[in-house]
Amino acid sequence: MLYLNTKQLTAIKPDWHQLVELIYKTITIMGDGEFDQPIKPYLRFGDKTNRIIAMPAFVGGSINMSGIKWIASFPKNLNKGMSRAQSVTILNDVETGQPKCIVNTALISEIRTAAVSGLILKKYLEEKSEKKKFSIGIIGFGQIGKAHLAMINQIMQDRILEIKLYDLKEIPWTVALSSMNNTVKICDSFDKLYENSDIIITTTVSEKRYISKKPKKGSLHLNVSLRDYLPSFKNFVDKMIVDNWEEVCRENTDIEQMYLNEGLIKEKTFNLVDIFYKNLMPSIAEDDVIMFNPMGMAVFDIAVGTYYYLTALEKNIGNLLDD
């Protein structure tokens with residue numbers, strides 16, 4: 001069995017184009033019905049702001065791997081100088097159930113999350129003029145925010161007009177500019193970031209919702225952190241996208257609150273299989289406001305984990321452990 005830790009996984013530099021294509025491949029496998037993904041349970045005890053989530057899945061097709069991600073989210077870790085998320089992913093052989101790899105790092109979650117956003121982002125760009133450049137705002141600049149910054153820099157390249165960053169904590173310039181060749185602006189307020197942004201990405205651990213302003217026409221909202229938008233924002237959205245309705249319409253997400261308070265129903269949303277396999281979403285008009293709400297799907301974690309497992313074997317990275 002191969003063991004991979006954060007340092008070893010970091011040695012494999014992300015190719016965001018390959019990772020986005022991997023997410024697309026996984027969606028086609030789902031469309032073919034070659035997968036299993038039970039609804040993930042949440043384990044809570046003590047401080048109810050904490051949670052540990054079990055995310056099992058099987059992905060067939062050319063990936064052909066089963067496994068589980070066990071991820072803890074303890075927001076107050078940040079006050080202790082620790083990462084909020086702690087995660088272990090186990091990959092199991094589909095024929096024998098034998099564990100093939102243990103990935104002991106939250107990096108899998110960060111990479112998966114940004115890669116899924118990248119697929120939606122590419123779809124959005126395809127609907128826009130090739131000459132248009134975009135103003136992008138990232139709210140929250142923890143590990144998920146940094147992963148999105150790296151993904152955007154590679155996926156969008158010369159289509160970036162500016163990238164605006166905002167976090168309640170001070171963002172060091174050295175961190176913001178470490179991998180960027182484009183114009184980066186650190187904002188001192190949410191309002192300055194929100195104004196005139198074509199693409200808004202929320203990657204926060206916000207304790208209360210705060211986004212209710214009318215968005216820019218034609219904007220894309222990648223609501224990664226899921227608890228930043230007030231329910232009334234639903235009335236500004238022309239195309240509402242989720243990764244999976246049953247997963248995301250619970251646990252006090254923005255989607256659940258829009259369902260409870262604003263009448264949003266499953267039939268008025270599009271999921272990833274609808275869009276990328278069944279081609280059910282109508283064409284996006286120039287002024288359409290699009291919102292994507294991903295709860296996070298285990299099939300993508302298993303797919304990304306398998307990608308890194310196979311890459312690590314090729315590059316002779318990791319530690320082989322005896323049974």
I need the [X] [atom1] to [Y] [atom2] distance, nearest 0.5 Å.
X	Y	atom1	atom2	result
Met1	Asp322	CE	CG	9.5 Å
Ile27	Tyr24	CD1	OH	8.5 Å
Leu91	Ile108	CG	CD1	8.0 Å
Ile171	Lys146	CD1	NZ	9.0 Å
Asn5	Thr10	CG	OG1	8.5 Å
Thr28	Tyr277	OG1	OH	8.0 Å

Tell me whether [X] shares a hydrophobic cluster with [Y], the cluster being built from Ile, Leu, Val, Met, Phe, Trp, Tyr side chains joined at under 4.5 Å.
X	Y	answer
Met55	Ile52	no
Ile102	Tyr309	no
Leu193	Val184	no
Leu149	Leu220	yes
Met281	Met291	no

Quick one: are [X] and [Y] in side-chain contact, heavy atoms under 4.5 Å?
X	Y	answer
Phe45	Asn50	no
Met258	Lys268	no
Leu2	Lys100	no
Ile163	Leu165	yes
Pro14	Tyr307	no
Leu226	Glu251	no
Gln86	Phe74	no
Asn153	Trp16	no

Backbone N or O of [Y] within a donor-acceptor pair of the [X] side chain at under 3.5 Å?
X	Y	answer
Ser219	Lys216	yes
Thr253	Glu256	yes
Gln37	Ala298	yes
Glu247	Lys40	yes
Asp167	Phe141	yes
Gln157	Gln154	yes
Thr202	Ile139	no
Asp243	Gly296	yes
Asp274	Asn271	yes
Asn104	Val88	no

Minimum-distance pair of heavy atoms, taken over all atoms of [X] and [Y]:
X	Y	value
Ile302	Gly67	CD1-C, 3.5 Å
Lys164	Ser197	NZ-OG, 3.0 Å
Arg209	Pro231	CD-CD, 4.4 Å
Ile265	Trp245	C-CH2, 3.7 Å
Ile29	Gly60	CD1-O, 3.4 Å
Lys213	Phe233	O-CE1, 3.6 Å

Leu272 and Ile23: side chain to side chain contact (heavy atoms under 4.5 Å, CB included), yes or no, with the steps?
CA-CA 10 Å; Leu272 297 177; Ile23 298 300; 5.6 Å; no

Is the count of non-hydrogen atoms from other residues, nucleotides or ligands lying under 6.0 Å from Tyr259 atom OH greater than 12?
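No.
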
Stepwise, does the side chain to side chain contact (heavy atoms under 4.5 Å, CB included) test hold for Phe300 with Ile111?
CA-CA 10 Å; Phe300 297 143; Ile111 293 165; over 6 Å; no

Just do the side chain to side chain contact (heavy atoms under 4.5 Å, CB included) check on Asn244 and Met295 with the steps written out, would you?
CA-CA 7 Å; Asn244 178 282; Met295 191 65 149; over 6 Å; no

Look at Lys192 together with Glu195 and state whether they make a salt bridge at an N to O cut-off of under 4.0 Å.
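A salt bridge is absent here (no side-chain N lies under 4.0 Å from a carboxylate O).
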
If the threshold is 4.0 Å, N to carboxylate O, is there a salt bridge linking Glu246 and Lys266?
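Yes, charged N to carboxylate O under 4.0 Å.
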
Classify the ring geometry of Phe190 against Tyr194: parallel below 30°, tilted from 30° to 60°, perpendicular beyond 60°.
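Tilted, since the angle between the ring planes falls between 30° and 60°.
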
What orientation do Tyr229 and His221 show, parallel under 30°, tilted 30 to 60°, or perpendicular over 60°?
perpendicular

Side chains of Asp47 and Thr49: any donor to acceptor distance under 3.5 Å?
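Yes, Asp47 and Thr49 have a side-chain donor paired with an acceptor closer than 3.5 Å.
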
Polar side chain donor-acceptor pair, Asp254 to Asn293, under 3.5 angstrom
no

Is there a side chain to side chain contact (heavy atoms under 4.5 Å, CB included) between Thr89 and Lys69 once you walk through the steps?
CA-CA 4 Å; Thr89 301; Lys69 185 176 76 173; 3.4 Å; yes

Glu110 and its side-chain contact (heavy atoms from CB on, under 4.5 Å) partner, picked from Ile144, Thr203, Thr105
Ile144

Could you give all pairs that pass the side-chain hydrogen bond (donor to acceptor under 3.5 Å, both in side chains) test and reach residues 111-133, with sequence neighbours left out?
Arg112-Asp301, Ser117-His148

